[in-house]
Amino acid sequence: MNNLKKIIVFGGSGFLGSHAADALSKFGHQVTIFDQINSPWINKDQKMITGDLMDRELISKILSEADIVYHFAGLSDLNSNLDQAVNTAKINILGTVQLLEECKKANIERFIYASSMYVNSNEGGFYKCSKQSCEEYIQEFQKLFNLNYTILRFGSLYGPRSNSSNGLYRIIKKAIDTKIVEYDGSENSLRGYIHVYDMADAC
């Protein structure tokens, strides 16, 4: 197929990123996973690079051989981000802006960003702030440098490979352990859950 691409999935060892990487590989794309830790789910068709998102020299080197970038890296646990304003800004915002800068230099065909439904919410704390800022930077890079992008705003995901940073995982695990179902939030809250396989297909 002539439309197959060389794709780097930043944050490809995580819950979302690993499933997206698998879906891309299944379609036939040449997939490289970039993350701080080796992916326990990597398959034989994928390449793994371990490194830091803030390492611009390394990022520049690997982007020189890529067509498309999927950006899933960063701090994603809302609860742990509540008191980490500086760290969230450094990793989520600065890390994304530096990646955008390197994508611009490498003439990447498209930058695909994993954002969140929280950008239009009154909730989400510093995590929401970081996603809002990143979306603004991405749009500005397109306006100034013609860097094509797609922003995917995900809702609450569930499915295989999730862990204690996942809200539904915590609710179900606590229910199994204590025989009590508890939800910390308003009784009037409505939330649509998305299976991670559907998310991967959307990617």
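Values below: all heavy atoms of this structure, side chains included; hydrogens, waters and symmetry mates excluded. Quantities reported herein were computed from a predicted structural model and do not represent experimental measurements.
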S.K.: Should the pair R161-D22 be classified as a salt bridge under the 4.0 Å nitrogen-to-oxygen rule?
M.R.: yes
S.K.: Are L99 and M54 connected into the same hydrophobic cluster when the rule is that any two of I, L, V, M, F, W, Y join if their side-chain heavy atoms are below 4.5 Å apart?
M.R.: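 Looking at the clustering, L99 is in a separate group from M54.
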S.K.: So which heavy atom on L147 is nearest to which on C103, and how close?
M.R.: CD2-CB, 4.2 Å
S.K.: When you compare the side chain of K47 with that of K6, does any pair of heavy atoms fall below 4.5 Å?
M.R.: no
S.K.: Identify the heavy atoms of F27 and L4 that sit nearest to each other, and give their distance.
M.R.: O-CD2, 3.7 Å
S.K.: Looking only at atom types and distance, does a side-chain atom of H19 sit under 3.5 Å from a main-chain N or O of D198, one as donor and one as acceptor?
M.R.: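 Judged by distance alone, no pair lies under 3.5 Å.
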S.K.: Between F34 and F10, is the ring centroid distance below 6.0 Å?
M.R.: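 Yes, the ring of F34 comes within the 6.0 Å limit of the ring of F10, centre to centre.
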S.K.: Heavy atoms only: give me the nearest C134-N92 pair and the separation to one decimal.
M.R.: SG-O, 3.1 Å
S.K.: With side chains defined as the heavy atoms from C-beta onward, is the minimum distance between L75 and F126 less than 4.5 Å?
M.R.: no
S.K.: Between N148, I68, I138, I151, which is the residue that forms a side chain to side chain contact (heavy atoms under 4.5 Å, CB included) with F111?
M.R.: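 That would be I138.
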S.K.: Please tell me if the side chains of Y113 and T150 come closer than 4.5 Å, counting only heavy atoms from C-beta onward.
M.R.: no
S.K.: If I take atom OG1 from residue T50 and atom CD1 from residue I37, how far apart are they, to the nearest 0.5 angstrom?
M.R.: 10.5 Å
S.K.: At their closest point, which heavy atom of Y169 faces which heavy atom of S162, and how far apart are they?
M.R.: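 Reported closest heavy-atom pair: CD1-OG, 3.5 Å.
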S.K.: Less than 4.5 Å apart, side chain to side chain, heavy atoms only: is that true for I49 and I33?
M.R.: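 No, every pair of side-chain atoms sits at 4.5 Å or beyond.
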S.K.: Would I194 end up clustered with L16 when hydrophobic side chains under 4.5 Å apart are linked, directly or stepwise?
M.R.: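 I194 clusters together with L16.
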S.K.: What distance separates Q132 CD from E136 CD, expressed to the nearest 0.5 Å?
M.R.: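 Rounded to the nearest 0.5 Å, the CD-CD separation comes to 8.0 Å.
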S.K.: Donor-acceptor pair, distance only, cut-off 3.5 Å: does the side chain of Q98 make one with the backbone of R56?
M.R.: no
S.K.: Considering only heavy atoms from C-beta outward, does the side chain of K105 approach that of L63 to under 4.5 Å?
M.R.: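 The answer is no; the side chains never approach within 4.5 Å.
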S.K.: Output all residues satisfying side chain to side chain contact (heavy atoms under 4.5 Å, CB included) with N163, sequence neighbours left out; order by chain, then residue number.
M.R.: S165
S.K.: Evaluate whether atom OH of Y149 has more than 12 neighbouring non-hydrogen atoms of other residues, nucleotides or ligands under 6.0 angstrom away.
M.R.: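 More than 12 heavy atoms, drawn from other residues, nucleotides or ligands, come within 6.0 Å of this atom.
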S.K.: Taking the six-membered ring of Y118 as reference, does the cationic atom of K128 (NZ for Lys, CZ for Arg) lie under 6.0 Å from its centre and within 45° of its axis?
M.R.: no
S.K.: Could you check if a side-chain atom of H195 sits within less than 4.5 angstrom of a side-chain atom of L157, using non-hydrogen atoms only?
M.R.: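 Contact flag for H195/L157 side chains = no.
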S.K.: If you compare all heavy atoms of F72 against all heavy atoms of A20, which two are closest, and at what distance to 0.1 Å?
M.R.: CZ-CB, 3.7 Å
S.K.: Salt bridge check: are K5 and E109 linked by an N-O gap of less than 4.0 Å?
M.R.: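 Answer for the salt bridge query: yes.
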S.K.: Write down the atom of S13, the atom of W41, and the distance for their closest heavy-atom approach.
M.R.: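 Smallest heavy-atom distance, with atoms named: O-CZ3, 3.2 Å.
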S.K.: Mind checking what makes salt bridge (charged side-chain N to carboxylate O under 4.0 Å, His left out) contact with E57, not counting sequence neighbours?
M.R.: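 Partners of E57 under the salt bridge (charged side-chain N to carboxylate O under 4.0 Å, His left out) test: none.
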S.K.: With side chains defined as the heavy atoms from C-beta onward, is the minimum distance between V119 and S115 less than 4.5 Å?
M.R.: yes
S.K.: Got a second to check how far K131's NZ is from T88's OG1, nearest 0.5 Å?
M.R.: 11.0 Å
S.K.: Contact between I112 and H71 at the side-chain level, heavy atoms closer than 4.5 Å - yes or no?
M.R.: no
